[in-house]
Amino acid sequence: MEPLERKESRRCPVCGTALPEQFTLRRCPNCGAKTLWGRRESEPRVEFGVVLFNARLCGIMAGIQLAMIALMLTGASHPVWWVTLSMVGLPVLGYIAGGAAAQQVPRSWRTSLLVIVLALNAGLLAALISAVLGIYDILLLAGIVAGVGALLSGIIRTAITRRPHDD
């Protein structure tokens with residue numbers, strides 16, 4: 001078990017059975033549900049510095065994209081101070097949130113966090129492009145973010161975990 005993992009997190013997410021202490025366990029021996037924290041033995045470990053840098057950078061980019069989407073949705077009738085505050089404040093908040101998230105996740109979740117933040121940025125980019133093209137429905141934009149993120153998460157995970165000699 002990793003140092004940052006709690007004992008109670010070693011339970012099956014579906015049936016609640018206590019799981020053995022095998023770190024690479026991918027499925028519950030009782031019900032067969034996937035565990036949420038395990039990594040495949042073939043996946044290389046992602047270093048903390050790489051995850052921290054990418055989480056902070058993705059936080060900055062997510063803040064910029066959210067600010068631009070908000071400006072597109074609300075129109076250009078805002079005072080200059082509001083526009084400046086949103087364009088500067090949201091990327092700073094994204095940097096802080098990305099760094100905090102990277103420092104709190106256990107080592108076994110680093111790859112998943114990296115996939116999530118990269119997929120989120122890809123989805124936000126698609127939503128920003130959609131807003132520029134004239135789609136202003138918030139639920140539709142949220143669906144675009146979720147859909148693109150879900151579609152690309154497998155490709156992103158493969159790109160992160162693929163070793164150079166896998167060609």
Side-chain angles (χ1 to χ4, degrees), residues 1-11 13 19 21 23-26 34-74 78-132 138-139 141-164:
M1 184 164 44
E2 295 297 318
L4 294 176
E5 286 186 56
R6 294 181 214 94
K7 289 271 187 195
E8 61 268 12
S9 69
R10 298 298 298 179
R11 295 198 166 276
L19 297 174
E21 295 297 321
F23 174 67
T24 58
L25 184 71
R26 298 292 293 168
K34 284 187 176 183
T35 58
L36 302 175
W37 59 88
R39 71 178 175 89
R40 296 178 191 98
E41 290 187 26
S42 63
E43 289 182 358
R45 286 196 180 269
V46 180
E47 296 299 321
F48 175 70
V50 172
V51 174
L52 181 63
F53 173 77
N54 282 298
R56 286 179 172 167
L57 182 63
C58 286
I60 291 169
M61 292 307 300
I64 290 170
Q65 291 169 354
L66 282 173
M68 292 171 73
I69 290 171
L71 289 173
M72 294 287 298
L73 293 179
T74 59
H78 300 291
V80 173
W81 66 267
W82 190 88
V83 173
T84 305
L85 185 63
S86 67
M87 291 304 285
V88 172
L90 284 175
V92 170
L93 287 175
Y95 176 85
I96 293 169
Q103 291 173 359
Q104 294 298 319
V105 298
R107 175 181 292 205
S108 59
W109 289 19
R110 286 182 186 163
T111 304
S112 297
L113 175 68
L114 197 54
V115 169
I116 288 168
V117 297
L118 290 171
L120 173 70
N121 271 287
L124 282 171
L125 180 61
L128 178 59
I129 292 168
S130 299
V132 168
I138 294 174
L139 290 177
L141 291 174
I144 290 171
V145 171
V148 169
L151 286 173
L152 293 180
S153 63
I155 296 169
I156 292 170
R157 178 175 288 278
T158 302
I160 290 171
T161 59
R162 198 177 103 198
R163 295 180 186 204

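Because only heavy atoms are used, hydrogens play no part in the values below, and waters and symmetry mates are left out as well, while side chains stay in.
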How far apart are the closest heavy atoms of Met72 and Ala131, and which atoms are they?
-> CE-O, 3.3 Å
For Ala55 and Gly98, work out which heavy atoms get closest and say how close.
-> CB-O, 3.4 Å
In Å, rounded to the nearest 0.5 Å, how long is the span from CG of Asn54 to CD1 of Ile160?
-> 7.5 Å
How about Ile138: does its CD1 atom have over 12 heavy atoms from other parts shown lying under 6.0 Å from it?
-> no
Measuring from Arg56:CZ to Gln103:CD, what's the distance to the nearest 0.5 Å?
-> 5.5 Å
Ile116 meets the side chain to side chain contact (heavy atoms under 4.5 Å, CB included) criterion, sequence neighbours left out, with none
Below 4.5 Å, heavy atoms only, C-beta onward: do Trp82 and Leu71 meet side chain to side chain?
-> yes
Nearest-0.5 Å distance that lies between atom CD in Gln65 and atom CD1 in Ile60 | 12.0 Å
Applying side chain to side chain contact (heavy atoms under 4.5 Å, CB included), name anything that partners Phe53, two or more places apart in sequence or on another chain.
-> Leu57
Could you list the donor-acceptor pairs under 3.5 angstrom formed by side chains in residues 118-130, with sequence neighbours left out?
unit_1 : atom_1 : unit_2 : atom_2 : d
Asn121 : OD1    : Ala62  : N      : 3.3
Asn121 : ND2    : Cys58  : O      : 3.1
Asn121 : ND2    : Val117 : O      : 3.0
Ser130 : OG     : Ala126 : O      : 2.9

Met68, CE: over 12 other non-hydrogen atoms inside 6.0 angstrom | no
Least distance between heavy atoms, Val115 atom then Ser153 atom | CG1-O, 3.7 Å
